[in-house]
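Shown next, in structure tokens, is the structure this report addresses.
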Amino acid sequence: MNAILKGHVKSKSTNKALLLFRNTWRRRRGDDCSIDSYTVLLVLKACMMRSCEEEIKHVHTLVLKLGFHCIVFVQTMLVNAYSGVGLVKDAHKVFDEMRERNVVCWTGLISAYVDNGRPSRALKLFRDMQMENVEPDSVTVTVALCACADLGALEMGEWIHSYVRHKRGFKMDLQLKNAVINMYAKCGDIGAARRMFDDMGGSRNVTTWTSMIVGHALHGQAEEALQLFEEMRSRKHGVMVPNDVTYIGVLMACSHAGLVEEGRRHLESMSKEYGLSPRMAHYGCMVDLLCRRGQLNDAYQFVVDMPIRANAVVWRTLLGACSLQGNIQLGAKVRSQLLALEPDHARDNVTMSNAYAAACMWDAKEMVRAQMKHTRKVPGCSSIELESSVHEFVS
DNA sequence: TTAGGGTTAG
């Protein structure tokens, strides 16, 4: 049964996997239920892929019932499963109950915090782990670098980079090098990112190229980004095939440099040349590009004509541009779309209210303010890094 | 057969 389960999970037929598991459990006879700890790992994986919170809890209960709760593989998988459906507290609780913690389960918990948008907590755990004398391996530092990138924690990122370079016997693999490039680019040291990229020579993969393109784009260096994109596609030795994420970097670069026509061309070429269908993010980039050039009506028409229905983020991009450029009429039209999609999003109403204020339309402003009495704004947050430790502030 | 690694629009 485990072999069949494994096949289902591998081919993403998670429904079949769970049905098989439920039937086996239902048909059990006494102590002989033909479910072992290997089964549990596969079932948890399937639950995670389907985001079934309740099912994970059921399996956890079963784990306790069958006495598998002290097996480190099962415990680690529970940490990952809870984290995968956003239940970080439950993941941490499983971790706390573990008697022996190795590098894999530490890394699992650190990833849980990174994946659920709490990089600061992730870095604290990274330090705790070393205090407990568990040595990080290449996976742990890859995840920790990701936390640094999310936080903009350059000093910590530099410390980790130096740690892996000087630690004897530490193997820096491709994924780790990519994480280093991404960390430097996200933390503002684009020069260091580029040096790493240049040093890697022929060992780069698509992710390496994409990280560097996105890095340049984020820094407003459109020319460098687009040049790299052309280079990767036309190299004599080993052409690189861009993927959909590469195209996000390319469109971001066009957006930051105001290259409307070039952006349109690239958006078209992704399906024509590589058979990649644009996702919401790609259309979002295009809307951003048109907005930044001041072509608000074109942007609106673009959103209406998109082959997929725009989500709130795309409309919000347009609303922000309307507010910034003082186009009240279009702004109101866009806001009504947003009200239908996400009525309780306080920030959209604040944007609209500010736009009315800038146009001295006080009555309209008051009306928006009155409408949002029941919604709550998400507080703004900022952070600063001092001596490799990050301090966060909320206002 | 056993657990962990992302590059993604505002």
Side-chain angles (χ1 to χ4, degrees), chain A residues 1-7 9-10 36-42 44-45 48 68 71-81 83-84 91 94-95 98 101-112 114-115 136-147 149-150 173-179 181-183 185-186 193 204-215 217-218 242-256 263 267 278-289 291-292 310-321 323-324 347-348 351:
Chain A
M1 182 185 66
N2 287 350
I4 296 170
L5 270 179
K6 194 174 186 178
V9 170
K10 217 173 175 183
D36 62 11
S37 65
Y38 294 77
T39 319
V40 166
L41 299 177
L42 293 160
L44 283 172
K45 181 108 188 171
M48 192 168 62
F68 299 151
I71 299 172
V72 68
F73 295 96
V74 173
Q75 293 167 314
T76 308
M77 196 63 206
L78 276 169
V79 170
N80 298 335
S83 158
V94 173
F95 178 86
M98 293 176 74
R101 298 168 187 143
N102 61 20
V103 63
V104 181
C105 59
W106 272 102
T107 306
L109 189 67
I110 295 169
S111 307
V114 175
D115 292 344
D137 64 11
S138 66
V139 182
T140 322
V141 293
T142 303
V143 176
L145 283 168
C146 198
D150 289 349
D173 57 28
L174 184 54
Q175 279 153 295
L176 174 49
K177 286 177 186 166
N178 290 344
I181 292 179
N182 181 49
M183 180 278 293
K186 295 280 162 64
R204 309 173 188 127
N205 65 4
V206 198
T207 307
T208 322
W209 286 88
T210 302
S211 305
M212 201 61 234
I213 290 169
V214 169
L218 287 171
N243 61 21
D244 53 341
V245 186
T246 319
Y247 270 97
I248 288 182
V250 168
L251 293 172
M252 274 166 65
C254 293
S255 182
H256 292 163
L267 187 70
R279 284 181 287 112
M280 193 68 79
H282 298 93
Y283 294 118
C285 283
M286 208 52 223
V287 172
D288 184 46
L289 169 48
C291 285
R292 281 180 203 253
N311 64 7
V313 178
V314 171
W315 284 115
R316 199 163 290 137
T317 304
L318 195 47
L319 179 65
S323 162
L324 210 61
R347 226 180 58 197
D348 294 335
T351 306

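Every chain is numbered from 1 and lettered A, B, ... according to where its sequence line falls, protein lines coming before strand lines.
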For A:Ser255, side chain to side chain donor-acceptor pair (under 3.5 Å) partners two or more places apart: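 Per chain and number, A:Ser255 pairs via side chain to side chain donor-acceptor pair (under 3.5 Å) with A:Asp288, A:Arg292.
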Covered region of DNA chain B, 5' end to 3' end, by chain A [heavy atoms, under 4.0 Å] =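 Boundary nucleotides touching chain A, in 5' to 3' order, are B:dT1 to B:dG10.
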Would you classify [X] as touching base, sugar-phosphate or nothing, given that sugar-phosphate means primed atoms plus P, OP1 and OP2, and contacts are heavy atoms under 4.0 Å?
{"X": "A:Thr210", "answer": "base"}
{"X": "A:Thr140", "answer": "base"}
{"X": "A:Ser211", "answer": "sugar-phosphate"}
{"X": "A:Met280", "answer": "base"}
{"X": "A:Asp173", "answer": "base"}
{"X": "A:Arg347", "answer": "base"}
{"X": "A:Val206", "answer": "nothing"}
{"X": "A:Lys186", "answer": "sugar-phosphate"}
{"X": "A:Lys45", "answer": "sugar-phosphate"}
{"X": "A:Leu176", "answer": "base"}
{"X": "A:Asp348", "answer": "nothing"}
{"X": "A:Asn182", "answer": "sugar-phosphate"}
{"X": "A:Val74", "answer": "nothing"}

- Message: Please identify which of these residues, A:Thr142, A:Thr140, A:Asn102, meets the side-chain hydrogen bond (donor to acceptor under 3.5 Å, both in side chains) condition with A:Thr107.
- Response: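 Answer after filtering A:Thr142, A:Thr140, A:Asn102: A:Thr140.
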Using the side-chain contact (heavy atoms from CB on, under 4.5 Å) criterion, which residues pair with [X]? Sequence neighbours excluded.
{"X": "A:Asn205", "result": "A:Leu174, A:Asn178, A:Thr207, A:Thr208"}
{"X": "A:Asp36", "result": "A:Asn2, A:Tyr38, A:Thr39"}
{"X": "A:Ser323", "result": "A:Thr351, A:Ala355"}
{"X": "A:Asp348", "result": "A:Arg316, A:Leu319, A:Leu338, A:His345"}

A:Asn80 versus A:Ser83, side-chain donor and acceptor atoms under 3.5 Å: no
